[in-house]
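Worksheet: one structure, shown below.
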Amino acid sequence: MMHNATPMLSLQQNVALAPLTTIGIGGPAKAFVRAESVDELSEALRWAADNGEAVFFMSGGSNLLISDDGFDGLVVQIRLRGVALESEDSDSVIVRVGAGERWDDFVATAVKNAWAGLECLSGIPGSAGATPIQNVGAYGQDVSETIARVEVLERQSRRVITLTNGDCGFSYRSSIFKTAARDRYVVVSVTFRLRRHAPATVKYPELRKYLEERGAPLEDLQAVRDAVIAIRKRKGMVLDASDPDTRSDGSFFMNPIIARETFDAMGVEMPNFPSGHEVKLSAAWLIEHAGFHKGFVHGNVGLSSKHTLAVINRGGGTAREVVDLVRMIQEGVRGKFGVEIHPEPIFVGVRL
């Protein structure tokens, strides 16, 4: 039996979570609250502890697969807002962003102000606070390259502490927030160090080619942003209510990284990106060549008609159907190539 909320919290019961996610899947939350301040976050944790309820934090809902049974506890939607220019010099700016800020709105602001370092991360849905968790990246940029520090609320003590970039344990699509400290911290703000009046760093061949064909200089950050969004739209990777291919979690699978010797022993010609003793492979290529084509259908879910990396909800899809499809794809790629591919989204009450 849940006690009544405190004056600071406006709790709701039995709230549908599917509409709060980009893939549109998930059962209800037993209890739900939106937190617009650190004090409200802290109070939500205290309330959950007093009531013996599990807690799950979400924000933009763009990288989640929630169980069809929903969440048997308190779901806290993080709505901490604000973008503050903390300092600047001739070469760089330090900007602090609230965890609940829409990520793409902040990227647009950075581009408008000629702050370089995030332009290749345009068009990505979700919130700023989620970016360090996944070490969000696209088209050759990762947020770990520009994050100066992350301010977090420690769940147990309910104290706010600051972690440096090095404290965050960033790696490919991961960090301590996703691994060792998954249930320890709640991100409340992210501070970025961005370059002033500097050219974009464009490493990704497809993006470089797109810009060259249009004669767009790397100094034109807006042109780079526009190019990234155009390419993402072509792949159904920009949220669009009129495009069913965007009812997804974006790229569902991470590109696998394997030892160079393992890759050489495969003896298969495929896209690959060598780095030291390792080679990154294209999950999209592996999926397609394992027999899962664009537009592949499995019940009410399937693969995007534009990109094999995106698992979409075709309408009425369930988490169970997504899990079945993901297992099928993993087994197909493993059977054909001997390579393991892993999902990128966070699973809530769902197991593979």
Side-chain angles (χ1 to χ4, degrees), residues 90-93 95 103-126 131 134-147 172-173 192-240 243 245-246 248 250-257 260 263 268-276 278-289 293-294 304-310 344:
S90 58
D91 300 318
S92 63
V93 294
V95 192
W103 173 249
D104 196 50
D105 288 352
F106 173 57
V107 176
T109 296
V111 167
K112 183 180 176 182
N113 288 320
W115 301 337
L118 301 175
E119 53 286 336
C120 294
L121 304 178
S122 294
I124 294 174
T131 60
Q134 300 285 129
N135 186 16
V136 163
Y139 300 105
Q141 277 183 350
D142 294 319
V143 287
S144 59
E145 296 165 350
T146 51
I147 288 176
Y172 174 64
R173 299 297 171 270
F192 295 88
R193 178 180 283 106
L194 304 173
R195 292 170 293 122
R196 294 186 69 197
H197 307 295
T201 305
V202 177
K203 307 170 190 172
Y204 201 75
E206 181 184 10
L207 178 56
R208 186 174 283 277
K209 183 183 176 196
Y210 188 100
L211 292 166
E212 286 172 353
E213 285 174 350
R214 286 155 183 78
L218 297 182
E219 288 75 17
D220 187 345
L221 299 185
Q222 186 62 53
V224 175
R225 172 173 163 78
D226 292 345
V228 169
I229 290 174
I231 293 170
R232 289 183 67 88
K233 277 186 176 172
R234 258 184 349 209
K235 298 176 180 180
M237 294 292 186
V238 176
L239 291 180
D240 180 349
D243 183 355
D245 277 335
T246 71
S248 76
S251 295
F252 203 94
F253 295 95
M254 295 184 283
N255 291 322
I257 298 173
R260 183 183 288 271
F263 175 71
V268 181
E269 290 238 355
M270 67 174 77
N272 65 93
F273 311 93
S275 176
E278 296 179 320
V279 178
K280 184 191 291 184
L281 307 181
S282 164
W285 189 96
L286 292 167
I287 291 166
E288 191 147 6
H289 287 79
H293 54 82
K294 294 171 187 172
S304 163
S305 66
K306 302 179 182 70
H307 205 292
T308 54
L309 273 190
E344 187 172 330

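All values below come from the heavy atoms of this structure, side chains included, with hydrogens, waters and symmetry mates left out. This chain uses plain numbering: 1 for the first residue, then up along the sequence.
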Inset, instruction - Spell out, as yes or no, whether a donor-acceptor pair under 3.5 Å connects the side chain of E119 to the backbone of G117. - result: yes

Inset, instruction - For residues M270 and H289, determine if any side-chain heavy atom of one lies less than 4.5 Å from a side-chain heavy atom of the other. - result: no

Inset, instruction - Please report the closest heavy-atom contact between V224 and C120, naming both atoms and the distance. - result: CG1-SG, 4.3 Å

Inset, instruction - Compare all side-chain heavy atoms of F192 with those of I147 and state whether any distance is below 4.5 angstrom. - result: yes

Legend entry - Steps toward side chain to side chain contact (heavy atoms under 4.5 Å, CB included) verdict (V202, Y210): CA-CA 11 Å; V202 177; Y210 188 100; over 6 Å; no

Inset, instruction - Can you measure from CG (D243) to OG (S305) and round to the nearest 0.5 angstrom? - result: 7.0 Å

Legend entry - Exceeds 12 heavy-atom contacts within 6.0 angstrom, atom CZ of R232: yes

Inset, instruction - Mind telling me whether Y204 and Y139 have parallel, tilted or perpendicular rings, with 30° and 60° as the class edges? - result: perpendicular

Legend entry - Separation of H197 NE2 from S90 OG (nearest 0.5 Å): 10.0 Å

Legend entry - Sub-4.5 Å side-chain heavy-atom contact between V95 and F106: yes

Inset, instruction - Could you pull out the closest heavy-atom pair between L221 and P199, with the gap in Å? - result: CD2-C, 4.3 Å

Inset, instruction - Mind checking the OG-CZ spacing from S275 to R260? Nearest 0.5 Å is all I need. - result: 8.5 Å

Inset, instruction - First locate atom CD of Q222, then atom NZ of K112, and finally report the distance between them rounded to the nearest 0.5 Å. - result: 10.0 Å

Inset, instruction - Mind listing the closest non-hydrogen atom pair of I124 and V136 along with its distance? - result: CD1-CG1, 3.7 Å

Legend entry - Under 3.5 Å donor-acceptor, S248 side chain and G250 backbone: yes

Legend entry - Inter-residue atom distance N255.CG - N272.CG, 0.5 Å rounding: 11.5 Å

Legend entry - Centroid-centroid under 6.0 Å between W285 and F273 rings: no

Legend entry - Interatomic spacing from CD in E145 to CG in L118 - rounded to 0.5 Å: 9.5 Å

Inset, instruction - Please test L211 against R208 for side chain to side chain contact (heavy atoms under 4.5 Å, CB included), starting from the C-alpha separation and ending with a verdict. - result: CA-CA 5 Å; L211 292 166; R208 186 174 283 277; 5.8 Å; no

Legend entry - Pair D104 + R225: basic N to acidic O under 4.0 Å: yes

Inset, instruction - Give the minimum heavy-atom separation between S122 and V228, together with the two atoms involved. - result: O-CG1, 3.6 Å

Inset, instruction - Consider only side-chain N and O atoms of T246 and D240, and report whether a donor and an acceptor are under 3.5 Å apart. - result: no

Inset, instruction - Take W103 and V143 through the side chain to side chain contact (heavy atoms under 4.5 Å, CB included) test and state the conclusion after the steps. - result: CA-CA 11 Å; W103 173 249; V143 287; 3.9 Å; yes

Inset, instruction - Could you give me the CA-CA distance, side-chain angles and deciding distance for R173 and D142, then say whether side chain to side chain contact (heavy atoms under 4.5 Å, CB included) is met? - result: CA-CA 8 Å; R173 299 297 171 270; D142 294 319; 3.0 Å; yes

Legend entry - Minimum side-chain heavy-atom gap K294-T308 below 4.5 Å: yes

Inset, instruction - Side-chain contact test, heavy atoms from C-beta onward, threshold under 4.5 Å: evaluate it for L207 versus Q141 and give yes or no. - result: no

Legend entry - Backbone of R193 reached by a side-chain donor or acceptor of S92 within 3.5 Å: no

Legend entry - NZ (K306) with more than 12 external heavy atoms under 6.0 Å: yes

Legend entry - Non-hydrogen atoms of A284 and L309 that approach each other most closely: N-CD2, 3.6 Å

